[in-house]
Amino acid sequence: MTRELSLGVAGLSKVYRNFLRKETEALRDIDIEVPRGEFVSIIGPSGCGKSTLLRLISGLERPTSGEVRFGPGYGRGDIGFVFQSAVLLPWKTVFENIAFPLKIKKIPLEENREHLDALIELVGLSDFRNALPHELSGGMKQRVSIARALSCSPPLLLMDEPFGALDAITRDTMNMELLRIWSDTQKTVLFVTHGIDEAVFLSDRVLVLSPRPGTVRKVLTVDLPRPRTQEMRLLPIFNEYCRALREVIG
Ligand SMILES: Nc1ncnc2c1ncn2[C@@H]1O[C@H](COP(=O)(O)OP(=O)(O)OP(=O)(O)O)[C@@H](O)[C@H]1O
Ligand SMILES: [Mg+2]
């Protein structure tokens, strides 16, 4: 059975040019096809173009060559983006920041109050719903931006090291919650991480990029049953996957 495509990237390359015309080749000839509902992690050394890839897919950046295609029901307007460092509106409260995408899309807040409250609860910020960003820690800001990315219930989530700033326990909890949301709402997720274990635990496939300019070095299919449980981390096969990834990353 071939599943319907959510997103495809073909021959995607990006060369940045600064004002002195100095060129930085960030990505070279990337091909990926992501079926609807798949969870894909992207892993690779710092500076290899992972954030660039997400920005090209979202349309925040234009490719030098190649293209990004979306399947039916997917489009640039339907993407939730968690940026590598949280970008919040400093004069708006936690609640207002999370609700902001709804406001932009002119979706009435009243009808979504329960959903928004559930999101604030999910990221553990119920006591801070009226706080301003400068009153929050780095990890808390990141959690606001995760809730914000989910507020419009987008079918496609692009997440750039979303849990990097969190402590190990909160991170494990967020991993489980993310998997729950993903399977409940059948989202497609592209998830950038430096965590090899995290990538194996979460993903259907892990894409390993080479050092800059990023090319696809390997695509590892993780054939562990769903739903994933913490006990699976102890299975020999889990460690085999981690070892295989570590070998390619080098
Ligand atoms: N706006 C920009 N202008 C010029 N060069 C850029 C720009 N953004 C990124 N780059 C360069 O492109 C390359 C890839 O950057 P990118 O941020 O995509 O890497 P990354 O894989 O996300 O790294 P990290 O793991 O550290 O977040 C780097 O060499 C970086 O210097
Ligand atoms: Mg990055």
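Below, all heavy atoms of this structure are taken into account, side chains as well, without hydrogens, waters or symmetry copies. First listed ligand is number 1; within each ligand, the first listed atom is number 1.
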Looking at ligand 1, does any of its N/O atoms fall within less than 3.5 Å of an N/O of G49? yes
Distance to 0.1 Å, residue and atom name: give those for the protein heavy atom nearest to atom 16 (P) of ligand 1. T52 OG1, 3.7 Å
Could you tell me whether a side-chain N or O of R76 sits under 3.5 Å from a main-chain N or O of I57, the two making a donor and an acceptor? yes
Closest to atom 29 (O) of ligand 1 among protein heavy atoms sits R212 CD, 3.1 Å
Nearest-option assignment for atom 21 (O) of ligand 1, heavy atoms, candidates K50, E23, H194, E25: K50
Please check atom 31 (O) of ligand 1 for a protein heavy-atom neighbour under 4.0 Å. no
Has T24 got any heavy atom lying under 4.0 angstrom from an atom of ligand 1? yes
Shortest protein contact, atom 26 (O) of ligand 1 (heavy atom only): S46 OG, 2.7 Å
Would you call E33-R3 a salt bridge at under 4.0 Å N-O? no
Touching ligand 1 at all, R55? Heavy atoms, strictly under 4.0 Å? yes
Ranked by distance from atom 13 (C) of ligand 1, the top protein heavy atom is G47 O, 3.6 Å
To check your reading of the model: name the closest protein heavy atom to atom 6 (C) of ligand 1, its residue, and the distance in Å. Y16 CD1, 3.3 Å
Pairs of nitrogen or oxygen atoms closer than 3.5 Å, one from A26 and one from ligand 1: do any exist? no
Donor-acceptor pair, distance only, cut-off 3.5 Å: does the side chain of W91 make one with the backbone of L132? no
With a cutoff of 4.0 Å, is R17 in contact with ligand 1, counting heavy atoms of the residue only? no
